[in-house]
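Written out below as structure tokens is the structure these notes cover.
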2 protein chains.
Amino acid sequence: MAQPTICPKFEKAISLLSQRWTALVVYQLLLGTQRFSEIQSAIGISGKVLSDRLKDLEKQDIVKREVIPDTPVIIEYSLTEKGRSMEPILRTIESWSQDWFQSESEI
Amino acid sequence: MAQPTICPKFEKAISLLSQRWTALVVYQLLLGTQRFSEIQSAIGISGKVLSDRLKDLEKQDIVKREVIPDTPVIIEYSLTEKGRSMEPILRTIESWSQDWFQSESEI
DNA sequence: TTCATTAGATTACTTTATGTAACCAAGTTT
DNA sequence: AAACTTGGTTACATAAAGTAATCTAATGAA
């Protein structure tokens, strides 16, 4: 029984998206350029994990990190073209969640 | 600075999809009803975690479990309507992955 | 000069998730 | 009875994520 193997590109995408916080960080940056602490307080992620995720996402060319010499230094994060290209994925999830999940108040 | 809070429905969907293996299990079941061992060998997941995931997905009404009294017993897993409604999400990820990821052989 | 402040990040440590491999149940064949 | 089968579970090891304290480098207050 030769199982059709799962496409490696698809697997890479899935493994990226199934890493905790990744999708929420990208979703948050769809709103525009943000600083470390803005992302942190918006999605409620710990500094340690946000730092890890942003490094991963930078390495994968999804997020761009820009250092602005001010005092204290300002670091701005934004989506690259590849990052922005993920918008349809997030929108599809968003719309599915509206159709199929109840809000707490409806329970 | 009142941060707009992230929608709870969306957060639920994201937390479901960012659980390792969940998306791949659903993707696999889009091909049709399958048995435990078929899913297992198709996506390379351990029995323990597959068992956990299927229980979660059943509880969330995404997967249906059917016991067929044969010998040894046959257990068939399939998607519910809610499960099938996730297809657009998987297809969007699939298409994004084709556009933005290199296959190993292209590196 | 010394101290406190700041944003971004790291470190040490705890808790949770996942992986591995051995084992179990119940019916069947040998 | 012993061995085989599928769909699990269990015990244990490793990896990932959470928490809280700490670091750095520039600056301004005391």
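Sequence lines set the chain letters: A, B, ... in the order given, protein chains first and strands last, and positions in each chain run from 1.
With sequence neighbours left out, B/S97 forms a side chain to side chain contact (heavy atoms under 4.5 Å, CB included) with A/K9, A/F10, A/A13, B/F101. A/S85 is linked by a side chain to side chain donor-acceptor pair (under 3.5 Å) to B/W96, B/W100, counting only residues two or more places apart in sequence or in another chain. Applying the side chain to side chain donor-acceptor pair (under 3.5 Å) test to B/E76 and every residue at least two apart in sequence or in another chain returns nothing. Residues satisfying the ring-ring contact (aromatic ring centres under 6.0 Å, His included) test with B/F36, not counting sequence neighbours, are none. Every residue two or more places apart in sequence or in another chain was checked for a side chain to side chain donor-acceptor pair (under 3.5 Å) with B/W21, and none qualifies. The side chain to side chain contact (heavy atoms under 4.5 Å, CB included) search around A/T22 returns A/L16, A/Q19, A/R53, A/L57, not counting sequence neighbours.
The CD atom of B/Q40 lies 10.0 Å from the CG atom of B/L54; values are rounded to the nearest 0.5 Å. Atom CG of residue A/L17 and atom OG of residue B/S18 lie 9.5 Å apart, to the nearest 0.5 angstrom. With values rounded to the nearest 0.5 angstrom, B/L24 atom CG is found 8.0 Å from B/L90 atom CG.
The C1' atoms of five pairs define one axis at each end of the helix from C/dT1-D/dA30 to C/dT30-D/dA1, and these two axes lie 30° apart (to 10°).
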When you check every protein heavy atom under 4.0 Å of nucleotides 24-30 of chain C, what one-letter string (B, S, -) results, 5' to 3'? ---SS--
Classify every nucleotide of nucleotides 8-15 of chain C by which part a protein heavy atom approaches to under 4.0 Å, writing B for the base, S for the sugar-phosphate alone and - for neither, in 5'-to-3' order. SSBBB---
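B/Q40 places its CD atom 12 Å from the P atom of C/dG19, with the value rounded to the nearest Å.
Using a 4.5 Å heavy-atom cutoff, the side chains of B/V73 and B/V67 are in contact. At least one side-chain heavy atom of A/I93 sits less than 4.5 Å from a side-chain heavy atom of B/I14.
For the side-chain hydrogen bond (donor to acceptor under 3.5 Å, both in side chains) condition, the pairs that include at least one residue of residues 54-66 of chain B, sequence neighbours left out, are B/R65-B/Y77. The salt bridge (Lys or Arg N to Asp or Glu O under 4.0 Å) analysis of residues 82-99 of chain A, with sequence neighbours excluded, yields the pairs A/E87-A/R91, A/R91-A/E94.
Nucleotides of DNA chain D with any atom under 4.0 Å from a heavy atom of chain A span, from 5' to 3', D/dA17 to D/dT27.
For B/R53, a side-chain nitrogen or oxygen approaches OP1 or OP2 of C/dT18 to under 4.0 Å. OP1 and OP2 of C/dA17 both lie 4.0 Å or more from every side-chain N or O belonging to B/W21.
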